[in-house]
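For clarity, every value in this text was computed on a predicted model and none was experimentally measured. Reminder, nothing fancy here: chain letters follow the sequence lines and each chain counts from 1.
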Number of protein chains: 2
Amino acid sequence: MQNEEIGQVRRFNRVVTQRVGALQDSYLSRGRPLGEARLIFEAGLSESVDVSSLRQRLGLDSGYLSRLLRSLEGQGVVEVRRKAADGRARQVHLTQKGRGEFETYNVLSDQLAASLLSPLQPAQRTRLVAAMAEVERLLRASTVEIAVEPADSADARWCLEQYYAELTERFEAGFDPLLGNTFHAAEMTPPAGWFVLARLDGVPIGCGALKALDADSGEIKRVWTAPEARGMGVASRLMDRLEALGREAGFKILQLDTNKALSEAHALYRKRGYREIGRYNDNPYAHHWFEKAL
Amino acid sequence: MQNEEIGQVRRFNRVVTQRVGALQDSYLSRGRPLGEARLIFEAGLSESVDVSSLRQRLGLDSGYLSRLLRSLEGQGVVEVRRKAADGRARQVHLTQKGRGEFETYNVLSDQLAASLLSPLQPAQRTRLVAAMAEVERLLRASTVEIAVEPADSADARWCLEQYYAELTERFEAGFDPLLGNTFHAAEMTPPAGWFVLARLDGVPIGCGALKALDADSGEIKRVWTAPEARGMGVASRLMDRLEALGREAGFKILQLDTNKALSEAHALYRKRGYREIGRYNDNPYAHHWFEKAL
DNA sequence: AAAAATACCTGACTAAAGTCAGGTAATGCA
DNA sequence: TGCATTACCTGACTTTAGTCAGGTATTTTT
């Protein structure tokens with residue numbers, strides 16, 4: 001990484017935290033401590049929130065949050081009720097007054113955003129918004145975490161279900177997981193194989209698997225990215241990790257198959273140095289077979 | 001301004017303050033209150049700083065800053081000495097230990113920046129850095145403030161001097177302010193005329209003037225942007241303001257002259273709807289004359 | 001030379017933010 | 001059924017941040 005890049009990131013950090021951060025705080029606290037304001041904002045995002053979820057999202061101490069909630073209850077902006085499904089847990093709702101406050105914060109946030117744009121000329125404004133979208137997307141991309149996980153965890157299963165559902169929709173002939181060269185959790189468990197999961201803010205957004213074929217070769221399967229996370233390079237990073245695992249396992253060759261409907265996947269494999277080979281398995285859904293020497 | 005733009009700015013604000021802001025704080029406070037850390041950082045930027053300048057830059061209360069300095073003195077990271085030139089004022093120096101702390105913060109800042117970039121692929125990284133540069137530049141542009149000010153203030157004179165110096169350098173024949181259709185402060189003082197100044201973070205970075213020629217027409221002069229602030233649309237905004245002042249004053253027509261060396265200025269005038277006319281004054285440095293109906 | 005202004009300091013506050021050690025009620029599990 | 005766990009609460013703190021009213025030394029102005 002060049003010094004120049006680092007320097008640019010640091011300048012960016014400085015300017016943005018000053019302009020946006022400081023403005024944001026002053027706009028949004030409006031006579032109420034920032035902690036309370038943030039709480040109203042979080043609570044307003046949905047009909048009701050569990051206290052535990054607030055605690056996690058805002059990173060607050062249990063006692064501290066409790067006190068904040070008591071204060072907001074005193075102001076009549078929230079109600080805290082015990083949860084029907086679990087009597088220990090409690091849920092936070094905004095009262096009508098709270099809804100009003102939430103809307104006010106929303107209007108202020110809009111004004112804050114507008115105050116950043118309004119001094120600019122239309123062309124500059126368009127460029128700023130586009131650059132912000134790019135920064136946002138790539139910053140989010142840079143916080144995607146990829147880790148080897150058990151293939152039978154709830155998150156792993158969720159990803160695989162999404163993946164199958166997408167294949168069913170996209171394949172001409174539909175997709176039946178039982179026919180399609182399925183592999184089971186055991187085959188994705190070291191040392192028979194590996195399952196990697198990509199998460200954004202803790203939420204699974206992609207997966208991939210590597211299965212040992214023999215001592216020298218492995219097969220890559222089930223590489224999937226959630227639609228909302230596409231264009232962030234997640235699949236590439238999953239492949240990076242899977243290939244690294246293959247290298248560690250001593251494989252000389254990685255193989256994979258794919259359906260003709262998955263054109264983005266073809267492009268990705270080609271770009272990463274996979275070359276098309278003849279059929280090496282009897283997967284009824286496969287139209288193309290690739291391999292790459294590690 | 002469209003809702004879509006506002007929404008994008010708000011998403012950007014949220015993502016950036018979360019990622020950058022939170023990381024920054026945790027990285028940079030390292031066991032020391034953030035206020036003290038910021039102080040060390042500011043003090044380290046130069047050999048020595050006046051307390052008053054720190055107070056201004058960090059926006060701190062005099063008593064509060066004083067206490068922070070005592071605390072840092074106690075930790076042995078700064079020395080506060082009276083200033084030779086003015087016995088009331090005091091100067092802050094980092095001790096050797098303080099220098100070490102400063103360097104540590106620098107390294108941490110670099111690491112923080114690197115941690116945002118490192119998960120990305122080279123192409124993404126390049127795009128992120130470019131987008132950050134764009135956002136930084138345009139956000140800075142959006143905080144430029146333009147105001148009508150007295151033409152004989154220190155900042156106004158500074159701008160005009162810079163402007164003259166640049167003309168001297170760029171004009172084939174050099175430039176002598178006494179010959180060049182000079183106008184004096186009185187002519188830029190309402191209602192005879194107006195002087196507008198552009199500031200970025202309080203520092204003057206551009207100026208412009210409008211002078212009444214008669215009841216129906218005015219002349220725009222001395223539109224200048226500091227080299228480091230170019231490409232931010234400052235000149236356009238100065239022109240906007242000057243034309244608005246002209247409209248308020250009831251002028252029907254604005255005129256201006258310019259030297260052939262100032263090609264960017266020509267482009268700007270043409271883009272804003274000025275059309276070239278014949279010589280209307282005897283400015284020896286002018287090669288082109290323009291006017292625009294308001 | 002006296003008066004006014006300045007630059008900083010000290011003391012005495014307050015509010016906000018955060019921490020930690022118990023405590024209570026509800027739930028899950030053996 | 002009883003014991004461990006959980007989800008949250010309360011009380012008793014500390015730290016950080018910030019404000020404000022004087023006070024002292026120095027410089028500038030008159």
Side-chain angles (χ1 to χ4, degrees), chain A residues 17-18 21-22 24-43 48-75 77-93 154, chain B residues 17-18 21-22 24-43 48-75 77-93 154:
Chain A
T17 49
Q18 261 185 29
Q24 196 140 271
D25 292 357
S26 66
Y27 258 75
L28 297 184
S29 60
R30 52 183 306 262
R32 205 191 302 277
L34 209 78
E36 291 184 10
R38 287 205 305 154
L39 226 163
I40 291 177
F41 201 83
E42 282 294 326
S48 73
V49 214
D50 287 17
V51 171
S52 62
S53 139
L54 280 176
R55 201 162 47 225
Q56 237 203 333
R57 285 210 296 237
L58 296 171
L60 297 175
D61 171 83
S62 148
Y64 185 30
L65 175 56
S66 197
R67 234 177 303 278
L68 285 176
L69 286 172
R70 286 308 80 68
S71 161
L72 289 175
E73 268 184 330
Q75 296 166 43
V77 296
V78 305
E79 267 177 16
V80 182
R81 292 199 284 267
R82 57 164 34 201
K83 197 173 168 180
D86 182 344
R88 295 166 299 181
R90 308 188 72 190
Q91 283 185 315
V92 179
H93 305 255
Chain B
T17 49
Q18 261 185 29
Q24 194 140 271
D25 292 358
S26 66
Y27 259 74
L28 297 185
S29 62
R30 49 184 310 260
R32 205 192 302 277
L34 211 78
E36 290 185 11
R38 288 206 304 154
L39 225 162
I40 291 177
F41 200 84
E42 282 293 327
S48 73
V49 214
D50 286 17
V51 172
S52 62
S53 138
L54 281 177
R55 203 162 46 222
Q56 237 204 333
R57 286 208 295 235
L58 296 171
L60 297 175
D61 172 83
S62 149
Y64 184 30
L65 175 56
S66 197
R67 233 178 304 279
L68 285 176
L69 286 173
R70 288 305 82 67
S71 162
L72 290 176
E73 267 184 331
Q75 295 168 42
V77 296
V78 305
E79 268 178 15
V80 182
R81 294 200 284 267
R82 56 161 36 200
K83 196 173 170 181
D86 182 343
R88 295 166 300 182
R90 308 189 71 191
Q91 284 185 313
V92 179
H93 305 254

Visitor: Let me know the distance between CZ of B:R32 and P of D:dT15, rounded to the nearest Å.
Guide: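 For the pair B:R32 CZ and D:dT15 P, the rounded distance is 16 Å.
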Visitor: On DNA chain C, nearest-nucleotide positions of A:K83 versus B:S52: which is more 5'?
Guide: B:S52
Visitor: Where do B:E73 and B:E79 come nearest, in terms of heavy atoms and distance?
Guide: OE2-C, 4.3 Å
Visitor: Counting only heavy atoms and a strict 4.0 angstrom limit, can you tell me which residues of residues 84-92 of chain B come near DNA chain C?
Guide: B:R88, B:A89, B:R90
Visitor: How many angstroms lie between atom CD of A:Q24 and atom OG1 of A:T17, to the nearest 0.5 angstrom?
Guide: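 Interatomic distance, A:Q24 CD to A:T17 OG1, rounded to 0.5 Å: 11.5 Å.
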Visitor: Does B:E42 reach the main-chain N or O of B:L54 with its side chain, forming a donor-acceptor pair under 3.5 Å?
Guide: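 Judged by distance alone, no pair lies under 3.5 Å.
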Visitor: Without decimals, in angstroms, what is the distance between B:L34 CG and D:dT15 C1'?
Guide: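 After rounding, the reported distance stands at 13 Å.
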Visitor: Does a donor on one side chain and an acceptor on the other come within less than 3.5 Å for B:S71 and B:R67?
Guide: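 Short answer, no.
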Visitor: Given the rule in the side-chain contact (heavy atoms from CB on, under 4.5 Å) test, do A:L39 and A:L65 qualify, once you have shown the distances and angles that lead to the verdict?
Guide: CA-CA 9 Å; A:L39 226 163; A:L65 175 56; 3.5 Å; yes
Visitor: Might you work through the side-chain contact (heavy atoms from CB on, under 4.5 Å) test for B:V77 and B:E36, ending with a clear yes or no?
Guide: CA-CA 10 Å; B:V77 296; B:E36 290 185 11; over 6 Å; no
Visitor: Can you tell me how far the CZ atom of A:R90 sits from the OG atom of A:S66, to the nearest 0.5 Å?
Guide: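 Answer for the CZ-OG pair, A:R90 versus A:S66, is 7.5 Å.
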Visitor: Rounded at 0.5 Å granularity, tell me how far CD in A:Q91 sits from OG in A:S53.
Guide: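 Nearest 0.5 Å value for the CD-OG distance: 10.0 Å.
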Visitor: Looking at every non-hydrogen atom in both residues, tell me the closest pair between A:D50 and A:K83 and how far apart they are.
Guide: OD2-NZ, 2.6 Å
Visitor: Among residues 62-73 of chain B, which contact DNA chain C at a heavy-atom distance under 4.0 Å?
Guide: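 The answer is B:S62, B:G63, B:S66, B:R67, B:R70.
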Visitor: How long is the span from the CZ atom in B:R38 to the CG atom in B:L60, to the nearest 0.5 Å?
Guide: 6.0 Å
Visitor: Looking at every non-hydrogen atom in both residues, tell me the closest pair between A:R32 and A:A37 and how far apart they are.
Guide: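 Heavy atoms only, the tightest pair is CD-N, 4.0 Å.
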Visitor: Whole-Å distance between D:dG18 C1' and B:R38 CZ?
Guide: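 In whole Å, D:dG18 C1' and B:R38 CZ are 12 Å from each other.
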Visitor: What is the 5' to 3' range of DNA chain C, first to last nucleotide, that sits under 4.0 Å from any heavy atom of chain B?
Guide: C:dT6 to C:dA12
Visitor: Rounded to the Å, how far apart are A:R82 CZ and D:dT6 P?
Guide: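 In whole Å, D:dT6 P and A:R82 CZ are 19 Å from each other.
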